[in-house]
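Read through the structure below, which is laid out as structure tokens, and then see the notes.
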Amino acid sequence: ERSHVSNTVSDLGVFNKENGGIEIKAKEFSLGSEGSIESNTAFAGGGDISITAGESITIFGAPPDQSGTPAPASIQASTPIDGGKVGALTLKAPSITLKERGLVTSSSGSNSSDAGNILVITDILTLKDGSQLKSNKVEGTGRAGSILNTATDDVRLMDGSSIQSS
């Protein structure tokens, strides 16, 4: 069954309000198959998502289900329409791994809104099995956010995984 943490502002009457953020601190953090953490907004300021772990952060999907559709896990900040400001995403741990199509994304689908920035603070960053770190702008005049990776030891991209800002 799907696990979900969400922070959403979508009321059209709440112009110029700020969405609260999501902050998680733990020794180890894992987000698995079909799990998601989301901060979404429309016509308001999007909340930031910050995950800090003393040892590791692991985001992983699952093998395909009976229909052949994989069940990825995701951390995402987004706005589908104009006027929303997408929040920033921060992951901080000595080891961060995305595997089995794990996804960390900031996106804006609206005309003038910018996608949020993604900050990864780690010693070792590993992406494999088609996993993605991405900030993207779907259409309009807004911009994709920056992705800053401060890995001090290794960055490993394997098996069709990617880091992209577009």
Side-chain angles (χ1 to χ4, degrees), residues 1-8 21-41 46-80 86-109 113-139 142-166:
E1 186 164 315
R2 183 182 161 122
S3 298
H4 184 77
V5 175
S6 179
N7 187 18
T8 302
I22 297 171
E23 182 176 14
I24 297 171
K25 294 182 178 182
K27 180 178 177 183
E28 294 183 8
F29 175 82
S30 292
L31 182 65
S33 170
E34 294 188 35
S36 68
I37 297 175
E38 301 175 357
S39 179
N40 303 310
T41 186
D48 297 338
I49 298 174
S50 175
I51 300 172
T52 302
E55 293 183 8
S56 65
I57 294 173
T58 305
I59 301 165
F60 60 95
D65 63 17
Q66 293 175 349
S67 70
T69 304
S74 66
I75 298 174
Q76 55 190 338
S78 65
T79 183
V86 179
L89 301 175
T90 302
L91 303 178
K92 181 179 181 182
S95 174
I96 298 174
T97 301
L98 280 71
K99 60 184 181 177
E100 298 166 350
R101 297 187 64 219
L103 176 65
V104 174
T105 183
S106 174
S107 64
S108 174
S113 298
D114 295 338
N117 295 327
I118 300 173
L119 175 60
V120 179
I121 303 167
T122 188
D123 297 330
I124 301 169
L125 175 63
T126 304
L127 277 73
K128 58 184 181 177
D129 309 319
S131 295
Q132 296 182 334
L133 266 176
K134 71 178 184 175
S135 179
N136 67 316
K137 173 67 180 149
V138 177
E139 61 183 43
R143 299 175 299 171
S146 298
I147 299 174
L148 177 60
N149 170 22
T150 65
T152 57
D153 288 333
D154 289 325
V155 175
R156 303 174 186 144
L157 296 175
M158 300 176 277
D159 307 319
S161 296
S162 63
I163 298 174
Q164 58 183 318
S165 178
S166 59

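The figures here come from the full heavy-atom set of this structure, side chains too, leaving out hydrogens, waters and symmetry mates. Please read these numbers as outputs of a predicted model, since none were measured by experiment.
- Glu38 CD to Ile49 CD1: the interatomic distance, rounded to the nearest 0.5 Å, is 8.0 Å.
- Sorted by first and then second residue, the side-chain hydrogen bond (donor to acceptor under 3.5 Å, both in side chains) pairs involving residues 117-132 (not counting sequence neighbours) are Asp123-Thr152.
- Across every non-hydrogen atom of Ile118 and Lys134, the tightest pair is CD1-O, 3.3 Å.
- The structure places CG of Asn136 at 8.0 Å from OG of Ser106, a figure rounded to the nearest 0.5 Å.
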Full working for side chain to side chain contact (heavy atoms under 4.5 Å, CB included) between Asp48 and Thr90: CA-CA 8 Å; Asp48 297 338; Thr90 302; over 6 Å; no

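- With values rounded to the nearest 0.5 angstrom, Ile59 atom CD1 is found 5.5 Å from Leu91 atom CG.
- In this structure, Ser135 contributes its side chain and Gly116 its backbone to a donor-acceptor pair below 3.5 Å.
- Put simply, CD on Glu23 and OG1 on Thr52 are 6.5 Å apart, with the number rounded to the nearest 0.5 Å.
- Checked against side-chain hydrogen bond (donor to acceptor under 3.5 Å, both in side chains), Asp159 has no partners two or more places apart in sequence or in another chain.
- Minimum heavy-atom separation, Ala144 to Ser166: CB-O, 3.1 Å.
- Within the model, atoms CZ of Arg156 and CG of Leu127 stand 11.5 Å from one another, a figure rounded to the nearest 0.5 Å.
- By the side-chain hydrogen bond (donor to acceptor under 3.5 Å, both in side chains) test, Asn149 pairs with no residue at all, sequence neighbours left out.
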Check against side chain to side chain contact (heavy atoms under 4.5 Å, CB included), Gln164 and Ile147: CA-CA 8 Å; Gln164 58 183 318; Ile147 299 174; 5.7 Å; no

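- For the residue pair Ile96 and Lys92, the shortest heavy atom distance occurs at CD1-N, 4.3 Å.
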Full working for side chain to side chain contact (heavy atoms under 4.5 Å, CB included) between Ile51 and Leu31: CA-CA 11 Å; Ile51 300 172; Leu31 182 65; over 6 Å; no

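- Rounding to the nearest 0.5 Å places CD1 of Ile37 at 3.5 Å from CZ of Phe29.
- A heavy-atom distance below 4.5 Å is not found between the side chains of Val120 and Val104.
- Closest approach of Pro94 and Ala53 over heavy atoms only: CD-O, 3.6 Å.
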